[in-house]
Protein chains: 2
Amino acid sequence: MRCQPPPADLAELGARAAALVGASLADLAHGLGGELGADPVRTKGHAGELLEHLLGATGGPTAVHDFPHLGVELKTVPVTPLGRPRESTFVCLIPLLAAGDVPWADSRVRRKLAHVLFVPLVAPSRVGTRRASPDGFHRGRAWEPFQGSHISGAGLGDRRVGPPLFWRPTPVQERALKDDYDDLMGLVGVGGIEEVSGHAGRILQVRPKAASSRCRAFAPGPEGEWLATVPRGFYLRARFVAALLRDPTALP
Amino acid sequence: MRCQPPPADLAELGARAAALVGASLADLAHGLGGELGADPVRTKGHAGELLEHLLGATGGPTAVHDFPHLGVELKTVPVTPLGRPRESTFVCLIPLLAAGDVPWADSRVRRKLAHVLFVPLVAPSRVGTRRASPDGFHRGRAWEPFQGSHISGAGLGDRRVGPPLFWRPTPVQERALKDDYDDLMGLVGVGGIEEVSGHAGRILQVRPKAASSRCRAFAPGPEGEWLATVPRGFYLRARFVAALLRDPTALP
DNA sequence: TAGGATCCACTGGTGGATCCGT
DNA sequence: ACGGATCCACCAGTGGATCCTA
């Protein structure tokens, strides 16, 4: 299903992403000769992979970036019709065994986030929505992600591509990322990974990341002993990405 | 239905409250020859009035305190079985017309809160609870409000009296109250009452307080014009009262 | 297992409506 | 209208589980 050659430069990558704005994932998958499953539970990650194909990403599982020759990472982010992310954005797994030994400058977080292409995918509603507003009160749409959009339905194929954003952290943002990274790694070192909650961190946060809760990783505990634990990842807070999408220089 | 004479002193008031611990409101109402309605929507405030009768409160609507000769205010507070308040605690209405003209020292907030008898009423669950934990996982009870309690049912009559607490703000707490009062009144003065949200304030907050939304009060707007608005009250944050019930000197 | 992610149950808090008795 | 309060819908956020592909 890989159809596109890698983009030659940033301008070409940007142009390709811009050309997709407004398209539904169903259309895009069809254009590539593929189909999208209807079950939202079975299609996690498919949207991200589809966009990688469409934009000509070449980085395999081994590469640091999706576009190694450009040093750019692709992130799709599901957003509400108002443009707010529905979820936090995964960055990378935490190297639990080496926690505390990797300074910010050498961290995967820094390398992944050095240059990111965010592609919002507008999802009309959550899949799991069980009830509509019983009073029928309509709260209005503050932001039209693209003109002429007609939004209805909740399946993966109904999601539409929103305006893409190239982002490099400003010095101030990078400083905030470093502070969070140091703090969170410090917390892991002090109390052990189990003690770090999703509340910690201004724009980064630490959350579980495992294919199944039966997957275990090993990490040093508070007393230095080895603990079997769920793998964790760094995530960008939804709040922060929401701010970014409106103003790339913003901090929440 | 008023049965008790006013308590002679704080010790007697405290003894009466302590004697009620563990009793259900149904029992208490019955002992007074009264009955409690079953509909939770129709019984708002009844619990508070019942306790006033039982403890011999004499302050009418005109008085500042429920026990004027003791200078004590009675507050019932609905709590979960873990002892956490289910709601914020009403203090008093905001004098919208005089906002900004009443210094903390002369404020109703300060007078009301100078000395409070908190009586927790343990409610097993919210009335409006629509679903139980589907996984059946039991999260344990961190605090047994009284020994031997057997808690079940959700009606008003099933609520049970918890351990009472006499509270006077510590100097640090009073300072926090004053700061919030000044801040909130300042916000009202700057942007008008409509701009003050429930987020403002560390331990006090401002929320609507009206018998019906058709009830209007008048307040000065941002430009100094007169606005019809919903009456507002000062409330103690649930978070703060939760802290108080565990440690009367605490701040959240 | 790493990398692409999303689902969903639950909790805390807000915003606002509402009820009763005096 | 004031003083006694509670109800309830909604939303943000967390905590943790889970899915697919390579």
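Here is the naming used below: chain letters follow the sequence lines, and residue numbers restart at 1 for every chain.
In terms of the side chain to side chain donor-acceptor pair (under 3.5 Å) criterion, residue partners of A:Glu194 (sequence neighbours excluded) are, by chain and number, A:Thr229, A:Arg232. In this structure, the salt bridge (Lys or Arg N to Asp or Glu O under 4.0 Å) partners of B:Lys112, at least two apart in sequence or on a different chain, are B:Glu73.
In this structure, the CZ atom of A:Arg207 is 8 Å from the P atom of D:dG15, given to the nearest Å. Counting to the nearest Å, the P atom of C:dA2 and the NZ atom of A:Lys112 are 12 Å from each other. For B:Arg237 and C:dG12, the CZ to P distance is 15 Å, given to the nearest whole Å.
In this model, the phosphate group of D:dG4 is approached by a side-chain N or O of B:Lys75 to a distance below 4.0 Å at OP1 or OP2. Contact between the side-chain N/O atoms of B:Arg84 and the OP1/OP2 oxygens of C:dG12 is found at a separation under 4.0 Å. Contact between the side-chain N/O atoms of B:Arg239 and the OP1/OP2 oxygens of C:dG13 is found at a separation under 4.0 Å. Contact annotation: B:Lys44 side-chain N/O to D:dG3 OP1/OP2 distance is not under 4.0 Å.
With hydrogens and angles ignored, a donor-acceptor pair under 3.5 angstrom links the side chain of B:Lys209 to the base of D:dG4.
Counted by atom type alone, B:Gln4 and B:His53 present zero donor-acceptor pairs between their side chains at under 3.5 Å.
Nucleic acid contact class of A:Glu73 (heavy atoms, under 4.0 Å, all strands): sugar-phosphate only.
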